[in-house]
Amino acid sequence: MPQGNFVVSELDYLSKCPICGHTVVQLTRVDKDDNISIVRKVNKKAKLFFEKLKNVILYEIRPINYNKMHTGSFYLNYNEFGVKKRCYSNLRTLKIGLTENKDLKINP
């Protein structure tokens, strides 16, 4: 979408802000002298601005929705007293990197 003497143009579209609920469109452009210009529109003006620029958009990048990713089968390999183990539970209770030392009071 770079036009005129702009090197980079980026259009960001947020259909609903999680905080205020507004529709937000922001056009960020960088020219040859590294000057940045930002145009930001909200709600009805944002939708009209997006429709106006829709035909000059070259490509679209959609972010990954992290809420739908599968995270239930995570485990951590760790080493305790020279024995390799896997932890499937709370990571704060691990004793990672312990080596056998007879002077320590936590050793049996």
Side-chain angles (χ1 to χ4, degrees):
M1 189 164 80
Q3 294 178 340
N5 58 352
F6 294 105
V7 179
V8 176
S9 294
E10 181 178 309
L11 182 71
D12 298 313
Y13 180 80
L14 184 62
S15 61
K16 184 178 180 182
C17 175
I19 299 168
C20 62
H22 295 307
T23 301
V24 181
V25 173
Q26 178 174 318
L27 176 65
T28 307
R29 300 178 292 187
V30 180
D31 65 2
K32 295 175 184 172
D33 299 325
D34 291 334
N35 297 321
I36 299 172
S37 68
I38 297 173
V39 179
R40 186 179 178 116
K41 305 287 183 179
V42 180
N43 288 336
K44 186 177 180 182
K45 289 183 180 180
K47 292 175 185 174
L48 293 173
F49 188 62
F50 180 71
E51 290 297 323
K52 180 180 173 184
L53 295 177
K54 203 174 196 179
N55 60 349
V56 293
I57 295 175
L58 298 177
Y59 60 92
E60 176 182 6
I61 299 174
R62 289 187 177 257
I64 299 170
N65 189 354
Y66 291 103
N67 295 336
K68 296 179 182 177
M69 291 180 67
H70 181 66
T71 57
S73 63
F74 175 77
Y75 63 87
L76 176 67
N77 289 323
Y78 70 101
N79 187 351
E80 186 175 47
F81 301 111
V83 178
K84 290 184 180 179
K85 296 183 178 180
R86 281 188 176 176
C87 174
Y88 294 96
S89 61
N90 192 352
L91 299 179
R92 287 184 290 159
T93 60
L94 288 179
K95 299 174 185 173
I96 297 176
L98 290 179
T99 58
E100 190 171 357
N101 187 348
K102 295 178 182 176
D103 298 328
L104 287 177
K105 293 181 181 179
I106 61 171
N107 287 336

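Basis for what follows: all heavy atoms, side chains included, without hydrogens, waters or symmetry-related copies.
Listed by first then second residue, pairs satisfying salt bridge (charged side-chain N to carboxylate O under 4.0 Å, His left out) with a partner in residues 26-52 read Glu51-Lys54, not counting sequence neighbours. Among residue pairs with one or both ends in residues 16-48, none qualify as ring pair (Phe, Tyr, Trp, His ring centres under 6.0 Å); sequence neighbours excluded. Pairs engaging residues 28-47 under the ring pair (Phe, Tyr, Trp, His ring centres under 6.0 Å) rule: none recorded [sequence neighbours left out].
A distance of 11.0 Å separates CG in Asn43 from CG in Leu48, rounded to the nearest 0.5 Å. To the nearest 0.5 Å, atom CG of residue Leu58 and atom OG of residue Ser9 are 9.5 Å apart.
The side chain to side chain donor-acceptor pair (under 3.5 Å) check on Ser15 picks up nothing, with sequence neighbours excluded. For Phe50, the ring-ring contact (aromatic ring centres under 6.0 Å, His included) criterion is met by Tyr13, not counting sequence neighbours. With sequence neighbours excluded, the residues satisfying side chain to side chain contact (heavy atoms under 4.5 Å, CB included) with Ile36 are Thr28, Val30, Ile38.
Val39 and Ile57 fall within a single hydrophobic cluster, where Ile, Leu, Val, Met, Phe, Trp and Tyr side chains are chained together by heavy-atom contacts under 4.5 Å. Under the 4.5 Å side-chain heavy-atom criterion for grouping Ile, Leu, Val, Met, Phe, Trp and Tyr, Leu53 is connected to Val25 within one hydrophobic cluster. Residues Val56 and Leu27 fall within the same hydrophobic cluster, defined by Ile, Leu, Val, Met, Phe, Trp and Tyr side chains chained together at heavy-atom separations under 4.5 Å.
When all heavy atoms of Ala46 and Thr23 are compared, the closest pair comes out as CB-O, 3.8 Å.
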